[in-house]
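All ligand and atom numbering here is 1-based and tracks the order in the structure. Counting begins at 1 with the first residue of the sequence.
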Amino acid sequence: MSNEPSTVKHWQGALRTFCKPQGLIPLPHQPLHHHSTWRIGGPADFLLEPTSWPQVGALLRWAEEHAVPALVIGKGSNLLFGDVGVRGIVIKIGRSLAGLSIIGTTVRAEAGISASRLARAAGLAGLAGLEHIVGIPGTLGGLVAMNGGSLLRNIGEAIVEVRTIDRHGAPTTWPHADCVFAYRHSRFQDEDFIITEIVLELAPAARTEIMAEMLAILRERRRRFPLTLPSCGSVFKSDPRLYESVGPAGAVIEKLGFKGRRVGDAEVNSRHANFIVNVGAARARDVIELVGIIRQTVQDRLGHTLACEVKYVDERARVCPLDQVLDR
Ligand SMILES: Cc1cc2nc3c(=O)[nH]c(=O)nc-3n(C[C@H](O)[C@H](O)[C@H](O)COP(=O)(O)OP(=O)(O)OC[C@H]3O[C@@H](n4cnc5c(N)ncnc54)[C@H](O)[C@@H]3O)c2cc1C
């Protein structure tokens with residue numbers, strides 16, 4: 001966005017006027033802690049939940065034309081919103097944009113479908129390959145942007161193509177080879193494209209076996225992760241060099257004695273040390289301070305720089321890995 005954003009006062013009337021004929025309802029002063037699994041974050045000037053892709057495209061175009069910061073989110077399960085929130089609009093992609101069709105071994109899904117719902121639907125259709133995403137509490141769009149997954153797998157493996165729109169609403173189709181999938185990375189993190197639809201190719205398998213595997217994965221997730229406390233899952237990425245010499249990030253943090261360590265109401269979880277949980281009214285700055293202490297200790301004691309999987313959203317709706325906030 002080239003222009004400086006205007007003040008809310010200046011553009012809120014224009015947004016309301018724009019939304020009315022489209023049937024869009026801009027919710028003012030929306031606390032972003034309601035839209036983050038960490039339950040942290042100040043207010044967004046406006047939050048909108050479009051019910052069609054043309055609405056998403058039109059909103060993005062409107063924001064671009066009015067130089068208003070705009071951020072697209074899914075379930076906010078990988079985002080730390082800042083304590084002052086977002087001076088702009090947050091566009092939430094959810095249940096209304098969650099269509100799914102399965103023909104043979106090809107699955108087409110809209111970005112708003114939940115990862116777990118997609119995994120179950122594929123399993124019930126006798127298609128294997130998505131068992132590892134069951135229980136991940138995000139949307140498919142967020143998962144593809146993050147190239148997330150579990151058990152050393154990632155969603156990108158099963159993807160044939162990704163459809164997107166840009167900030168002017170223009171569509172593009174990206175074949176797998178152009179998505180730049182790598183560990184917890186895709187081109188959609190670096191470039192300003194909104195994922196609308198994903199085409200996946202899966203393998204036929206016995207439905208009972210797929211469903212049994214998913215149940216086992218869910219059991220294991222319940223055993224290992226603190227699922228009843230607000231968090232954003234693993235804070236730090238796995239580092240292959242560190243993994244070889246000491247172990248996964250969680251084990252490293254545990255060995256350094258961080259379990260139970262708190263800053264404000266942000267606490268290193270005692271079950272899984274790569275989870276920072278919100279035990280009350282944690283603020284973004286508590287999480288940032290705690291992440292900084294852990295990262296500095298790992299650097300001093302082991303000579304490794306931990307990178308964050310979790311992303312930070314600043315006041316201007318810009319997203320970056322949380323560790324980049326510490327490096328500023
Ligand atoms: C308890 C818990 C367990 C977790 N376990 C795992 C796990 O096992 N494996 C794993 O990989 N992750 C895990 N996560 C993290 C998180 O669930 C995933 O990263 C998830 O895929 C994020 O999806 P989301 O819809 O919540 O995205 P959000 O957090 O809303 O957004 C994440 C990023 O994606 C972008 N984005 C969202 N939607 C779109 C879209 N349609 N188009 C373009 N960009 C978009 C956002 O702008 C943001 O940059 C866990 C989180 C929690 C809380």
Side-chain angles (χ1 to χ4, degrees), residues 32 35-41 47 50 53 56-57 60 70-81 86 90-95 97-98 109-119 131-156 162-167 172 174 179 183-198 217-218 220-222 224-238 248 250 269 271-272 274-278 308-314 317-322:
L32 288 169
H35 304 279
S36 153
T37 54
W38 236 332
R39 302 282 172 259
I40 294 174
L47 184 128
W53 292 111
V56 177
L60 290 166
L71 170 70
V72 170
I73 64 164
K75 290 197 178 169
S77 63
N78 204 48
L79 292 175
L80 179 65
F81 294 112
V86 167
V90 173
I91 302 170
K92 188 163 173 161
I93 307 293
R95 256 177 270 170
L97 295 169
E110 286 184 293
I113 193 169
S114 87
S116 275
R117 199 189 134 216
L118 174 63
E131 300 85 320
H132 69 104
I133 68 166
V134 76
I136 297 179
T139 62
L140 180 61
L143 194 70
V144 173
M146 297 302 304
N147 194 21
S150 71
L151 307 169
L152 300 177
R153 299 187 64 183
N154 55 70
I155 185 73
V162 174
R163 297 190 178 156
T164 62
I165 52 173
D166 67 13
R167 296 251 164 193
T172 307
W174 305 89
C179 294
Y183 172 67
R184 300 295 177 264
H185 181 267
S186 77
R187 80 176 311 146
F188 311 109
Q189 276 176 43
D190 305 331
E191 297 171 44
D192 224 355
F193 293 105
I194 309 310
I195 299 166
T196 56
E197 196 186 23
I198 298 97
I217 290 172
L218 285 173
E220 188 57 9
R221 291 180 72 87
R222 273 196 297 271
R224 291 181 54 223
F225 301 154
L227 298 181
T228 54
L229 289 166
S231 81
C232 256
S234 293
V235 171
F236 296 101
K237 282 187 185 178
S238 193
N269 183 246
R271 194 184 301 184
H272 195 305
N274 201 7
F275 278 54
I276 290 179
V277 291
N278 176 359
C308 284
E309 187 167 326
V310 166
K311 309 270 186 189
Y312 178 73
V313 179
D314 77 5
R318 292 172 298 208
V319 180
C320 70
L322 185 51

Relative to [atom], which among [options] owns the nearest non-hydrogen atom?
atom	options	value
atom 42 (N) of ligand 1	Ile93, Ile195, Leu229	Ile195
atom 20 (C) of ligand 1	Ser114, Gly135, Ser77, Gly74	Ser77
atom 10 (C) of ligand 1	Ser231, Gly233, Gly149, Gly142	Gly149

Which of the atoms of ligand 1 are close to [X], meaning less than 4.0 Å from one of its heavy atoms?
X	result
Ala145	34 (O), 44 (N)
Ile73	30 (O)
Ala111	41 (N)
Gly148	11 (O)
Val319	49 (O)
Leu227	1 (C)
Leu143	21 (O), 23 (O)

Within a strict 4.5 Å, meaning less than it, do heavy atoms of the [X] and [Y] side chains meet?
X	Y	value
Phe193	Ile195	no
Leu60	Val72	yes
Leu32	Leu79	no
Leu71	Val319	yes
Tyr183	Asn147	no

Region of [X] that comes within reach of ligand 1 [heavy atoms, distance under 4.0 Å]:
X	value
Asn78	both
Thr196	neither
Arg221	side chain
Thr37	side chain
Cys232	backbone

Among all protein heavy atoms, pick the one closest to [atom] and tell me residue, atom and distance.
atom	value
atom 47 (O) of ligand 1	Val72 O, 2.8 Å
atom 28 (P) of ligand 1	Gly76 N, 3.7 Å
atom 14 (N) of ligand 1	Ile136 CG2, 4.2 Å
atom 48 (C) of ligand 1	Leu79 CD2, 3.8 Å

(request) Report yes or no: do Trp53 and Glu197 form a side-chain donor-acceptor pair below 3.5 Å? (result)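 Short answer, no.
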(request) State whether a side-chain donor-acceptor pair under 3.5 Å links Asn154 with His132. (result)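 Asn154 vs His132: no donor-acceptor pair found between side chains.
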Inter-residue atom distance [X].[atom1] - [Y].[atom2], 0.5 Å rounding:
X	Y	atom1	atom2	result
Lys75	His35	NZ	NE2	13.5 Å
Arg184	Cys308	CZ	SG	14.0 Å
Asp166	Ile194	CG	CD1	9.0 Å

(request) Assess whether side-chain contact (heavy atoms from CB on, under 4.5 Å) is satisfied between Arg221 and Val134, documenting all intermediate values. (result) CA-CA 10 Å; Arg221 291 180 72 87; Val134 76; 5.6 Å; no
(message) Go through it in stages, so that I can follow the logic: the residues are Arg222 and Leu227, the test is side-chain contact (heavy atoms from CB on, under 4.5 Å), and I'd like the CA-CA distance, side-chain angles, deciding distance and then a yes or no.
(response) CA-CA 7 Å; Arg222 273 196 297 271; Leu227 298 181; 3.9 Å; yes
Less than 4.0 Å is my threshold; does some heavy atom of [X] fall inside it relative to ligand 1?
X	result
Arg184	yes
Met146	yes
Gln189	no
Phe193	yes

(request) State whether Lys237 and Glu309 are salt-bridged, where the test is any N-O pair (Lys NZ or Arg NE/NH1/NH2 against Asp/Glu carboxylate O) under 4.0 Å. (result)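 Between Glu309 and Lys237 there is no salt bridge, as every charged N stays at least 4.0 Å from the carboxylate O atoms.
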(message) With respect to Lys75, determine whether any N or O atom, backbone or side chain, lies less than 3.5 Å from an N or O atom of ligand 1.
(response) yes
(message) Taking the six-membered ring for Trp, are Phe81 and Trp38 closer than 6.0 Å centroid to centroid?
(response)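 Ring centroids of Phe81 and Trp38 are no less than 6.0 Å from each other.
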